[in-house]
There are 2 protein chains.
Amino acid sequence: MPRPPSYDREAALAKAVSLFWQKGYHGSSMKQIEQALDMRPGSIYATFGSKDGLFSEALANYAQQGGADLSEHMAGYDSIVAGLQAYLREIAGSCADTDCAPARACLIVKTLLEASNTNPALYSQAQSVLAAIETSFAELLESARNQGEIAAQTDCRRLARLLQSQIMGLRAMAERNPSAAELEQLGDDMAAILESYKVRN
Amino acid sequence: MPRPPSYDREAALAKAVSLFWQKGYHGSSMKQIEQALDMRPGSIYATFGSKDGLFSEALANYAQQGGADLSEHMAGYDSIVAGLQAYLREIAGSCADTDCAPARACLIVKTLLEASNTNPALYSQAQSVLAAIETSFAELLESARNQGEIAAQTDCRRLARLLQSQIMGLRAMAERNPSAAELEQLGDDMAAILESYKVRN
DNA sequence: TTGGTTGTTGAGCGATCATTCATAAACTTG
DNA sequence: CAAGTTTATGAATGATCGCTCAACAACCAA
């Protein structure tokens, strides 16, 4: 009986992610959103409720994608530490590619910094997402510890926070638009940090 | 002959820094600025030209203060590496203090991320400031190299970028609002990274 | 005092902000 | 086709955006 929607919800969300990733929450006007999604205001509000609602869904979508990327990446490595080291280098490499992504810095971190004193709901969401990522890293590191890759007395949550800080720093630095070589060096140097946590053999 | 200004330019700038640091560029409206500076729009525009101009001066002011803080800090240390390690720990400690500063994350980095795809002038300014800070670190590290603290073949610019990334990551992580203990651990872990660059003795 | 200069004020500018809703269009079912 | 239901549209909303400027206030030199 009803008229079916003419747009693709997932595709619209992907476009929203791209816009918000580039311009942030305050930097993206509804007019720009309408243009990016090729939707009229009525449809946007019927589908996502509000600008906040759309941003929230976009952020969740981005985080889910990032988590899937990490899982997929780690599946290719027997050694967890080696996988995490390669992950750091991969981030450095992808940030070096021009127009590989809408922006270099992480959307979650951008949201954390932008929303911390202006939008409690988005700030809280960014905090939750980052806490979940920290937990993912901690679980990976616990596996590494169980496999004897890193020392038995390693504080995995603590090391997970150090690792997450590395990624935050790497991608923030990438936003300075350094050369590809400089970014690769930085990725290598950060990967080397993990080396010192490995069990001596 | 003329009527002297009734406000204190430096004091007004300090208040602008505080507001922008908290809410960012797009998140600070002229209405909020008027209230924070206790100035009427006419006076603000006569003094700073525009919202962009005010932000630009505030950012420069913040950066200068940061540079002075670094110099003052380093003056208290014979060992440059030890000074930089203590600097990382000091940042962690001050970020842990509630209401020690308007925000934890660095205003320059916040500006870099917010302005990169919305405001070329501010983006460029943030880039310049960060490049200058990188150079300061590189010069400090060159001195450390000359004094034999770190290996003679050390690439000081490269290490300076790693150091700057640590600070970016540390202060971004601080915006997640971790416990004081967790932040101190993170500062310690980042200081320990520099340990591995020291010359063995 | 007075004249000249500069600083301060705040109402109000056009533009844009996020959002709404009456209307029109599109589709399925009977 | 016609009836019924849902979606799409975009002009229009009040609020707020950054900003201007004519009028006024405050000061100094003469």
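Just so it is clear: chains get the letters A, B, ... in the order the sequence lines come, proteins before strands, and each one is counted from 1. The figures here come from the full heavy-atom set of this structure, side chains too, leaving out hydrogens, waters and symmetry mates.
Remark: the backbone N or O of A:V81 is paired with a side-chain donor or acceptor of A:E149 at under 3.5 angstrom.
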Report all interatomic pairs (protein N or O, nucleotide N or O of nucleotides 12-17 of chain D) with separations under 3.5 Å.
from: D:dC17; atom 1: OP1; to: B:S29; atom 2: OG; distance (Å): 3.4

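Salt bridge annotation for A:E57-A:R9: present, with a cationic side-chain nitrogen under 4.0 angstrom from a carboxylate oxygen. We find that A:E34 and A:K31 are not joined by a salt bridge, their nearest charged nitrogen and carboxylate oxygen being 4.0 Å or further apart.
Note: CD (A:Q35) to P (C:dA18) measures 14 Å, nearest angstrom. Rounded to an integer number of Å, the gap from B:E34 CD to C:dA11 C1' is 12 Å. Taking atom CG of residue A:D52 and atom C1' of nucleotide C:dA18, one finds them 10 Å apart after rounding to whole Å. Atom CG in A:L37 sits about 15 Å away from atom C1' in D:dT9, given to the nearest Å. Following rounding to the nearest Å, B:R9 (CZ) and C:dG7 (P) show an atom-to-atom distance of 12 Å. Atoms CE (A:M39) and C1' (C:dT20) sit 16 Å apart, rounded to a whole Å. Rounded to whole Å, the distance from CG on A:N119 to C1' on C:dA18 is 14 Å. Between the C1' atom of D:dC21 and the CD1 atom of B:I44 lies a distance of 16 Å, rounded to the nearest Å.
In this structure, A:K51 forms a cation-pi arrangement with A:Y25, its terminal cationic atom sitting closer than 6.0 Å to the ring centre and no more than 45° off the ring axis.
The side-chain contact (heavy atoms from CB on, under 4.5 Å) check on A:D189 picks up B:R158, B:L162, B:Y197, with sequence neighbours excluded.
The side chain of A:S43 places an N or O atom within less than 4.0 Å of a non-bridging phosphate oxygen (OP1 or OP2) of D:dA8.
Position along DNA chain C of the nearest nucleotide to A:Y45 versus B:R40 favours B:R40 as the more 5'-ward residue.
Listed by first and then second residue, the side-chain hydrogen bond (donor to acceptor under 3.5 Å, both in side chains) pairs that reach into residues 61-74 of chain A are A:Y62-A:R171, A:H73-A:E90, sequence neighbours excluded.
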